[in-house]
Amino acid sequence: MLLRILKNSLFKRARTILLMLASLTLGSAVATAFLGISGDLARRMALELRSYGANILVEPLAAEQGGELNEADLPRIKTVFWRYNITGFAPYLFGAATLQSGDRQERGVVTGTWFARNLAVEGEETTQGVKVIAPWWSVEGGWPGEATDAIAGAAVARRLGLKVGSEVTVSVAGRSTRFRVCGIVTTGGYEEDQLFAPLQTVQTLLTKEGKVSRVLVSALTVPMDDFGRRDPATMSKQEYERWYCTAYVTAVAKNVEEVMTGSRARPIWQIASAEGPLLKKLNLRIVLLTTLALAAAATAVSSSLMASLAERGREIALRKAIGADNRQIRAIFLGETLIIALVAGLIGYFLGEWLGGVVSRTVFAGATPSPRWLFPTAVLSSLVVALLGSLLPLRRAMSVEPVKLLRG
């Protein structure tokens with residue numbers, strides 16, 4: 001009996017049903033899209049921030065006394081506990097030198113580094129170097145391909161009159177090497193005052209074979225909190241294991257420090273500290289937008305049901321007059337609403353999954369996989385919104401007095 005009543009009621013009020021269905025579908029779709037994006041937001045934001053530079057600096061313990069690190073230890077960085085979180089690293093060897101091109105010369109800095117070095121680590125092929133950790137470098141020309149190719153910083157090139165194809169002689173303690181400038185780099189930072197060349201060539205020039213001055217490491221990390229900032233020396237064994245097994249930038253730095261002999265690894269806080277506040281702000285905005293979308297859907301449902309109630313007042317009064325009680329009236333109204341909400345939740349999930357993919361590809365240039373909990377969440381949110389939107393109309397329906405309404 002109830003099913004027949006629900007069937008007749010749904011088909012007779014097509015306009016109201018479609019309006020409720022559209023409202024709930026859009027609300028569910030927006031919630032599905034935003035929740036799907038937020039589930040992968042931390043990883044996406046970490047990947048995006050890695051394009052702005054490394055977040056871990058590795059230096060020798062005796063850096064102030066001119067100590068160096070061993071180049072041979074570098075492949076070990078990709079063998080640490082958090083090796084899959086390390087997206088790239090690049091070594092640097094700095095040396096003061098005389099730079100000369102034509103009749104111009106000055107004292108400057110020559111820097112040896114890896115530009116795109118292929119490594120084989122435990123059967124895995126990986127490419128490391130400046131091109132990996134600093135994709136924001138703007139290079140006019142090309143990257144070094146030969147041992148005597150070099151990239152000149154924009155400031156150095158301007159002072160020495162260097163252009164792509166120019167030659168520059170680098171002299172250190174009576175030793176000199178002639179480099180061909182294959183590119184001019186613009187970074188807006190201190191790199192513009194340096195001349196960059198292949199690491200091995202600079203090591204030979206400085207007679208520091210197998211040595212590097214520092215290593216910049218780019219790693220995917222979780223936002224820092226108070227526990228992540230604690231000194232590991234003050235932790236208990238259980239706390240230390242929890243800290244070590246969480247991808248804090250401090251924990252990843254500790255990993256790297258353990259495999260680099262005589263090193264000290266520390267976060268670059270200007271970059272590492274930006275992730276947490278930025279992620280919190282983005283999550284807060286997503287929650288607010290999702291809440292507003294669901295609130296709008298609930299308001300639309302309530303308005304539709306109130307309008308429907310005005311049309312069905314006599315019907316409700318007549319049902320009460322022939323013996324229907326509030327429980328039966330409530331069952332009819334809630335049954336209609338829940339059926340519509342269930343259909344809207346199913347449609348909204350697939351629409352929201354498509355919408356989330358569009359937003360993810362537009363903002364992050366890649367699709368975001370949908371978590372399994374998103375489907376029941378979409379359906380449940382639609383049901384909850386429909387129930388909240390029907391509270392006031394349902395209360396009005398319960399207060400209908402058959403005698404007054406039927407007598408006009």
Side-chain angles (χ1 to χ4, degrees), residues 6 9-10 13-42 44-45 277-313 316 329-360 362-364 368 370-400:
L6 290 176
S9 178
L10 289 172
R13 299 183 301 114
R15 182 181 300 177
T16 302
I17 298 303
L18 289 176
L19 180 59
M20 289 177 58
L21 184 64
S23 301
L24 290 172
T25 298
L26 290 177
S28 178
V30 171
T32 300
F34 284 162
L35 290 175
I37 293 172
S38 67
D40 198 45
L41 187 60
R44 290 285 184 180
M45 282 304 305
L278 182 59
L279 189 60
K280 287 180 181 178
K281 291 177 182 178
L282 286 173
N283 278 325
L284 178 60
R285 282 167 172 75
I286 286 178
V287 170
L288 288 175
L289 289 172
T290 303
T291 303
L292 289 174
L294 294 178
T299 303
V301 169
S302 181
S303 300
S304 300
L305 288 177
M306 289 294 285
S308 175
L309 181 63
E311 298 174 358
R312 302 175 66 187
I316 296 172
I329 299 297
R330 190 183 300 115
I332 294 173
F333 265 83
L334 289 180
E336 294 174 1
T337 303
L338 292 180
I339 290 174
I340 298 170
L342 181 61
V343 175
L346 293 173
I347 300 174
Y349 167 74
F350 293 105
L351 180 61
E353 192 176 39
W354 172 81
L355 180 62
V358 171
V359 174
S360 183
T362 303
V363 177
F364 297 111
T368 299
S370 297
R372 294 181 179 179
W373 51 264
L374 209 54
F375 177 76
T377 302
V379 176
L380 184 61
S381 65
S382 179
L383 294 174
V384 171
V385 167
L387 289 175
L388 291 176
S390 64
L391 288 179
L392 182 59
L394 191 60
R395 184 177 178 182
R396 290 283 298 274
M398 297 299 99
S399 63
V400 169

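Below, each value reflects all heavy atoms present in this structure, side chains not excepted, and no hydrogens, waters or symmetry copies.
Not counting sequence neighbours, the partners of Leu346 by the side-chain contact (heavy atoms from CB on, under 4.5 Å) test are Phe375, Val379.
In this structure, the separation between CG on Leu292 and CG on Leu288 is 6.5 Å, given to the nearest 0.5 Å.
Checked by atom type and distance alone, the side chain of Ser28 never pairs as donor or acceptor with a backbone atom of Ser382 at under 3.5 Å.
The two residues Leu383 and Leu342 come nearest to each other via the heavy atoms CD2-N, 4.0 Å.
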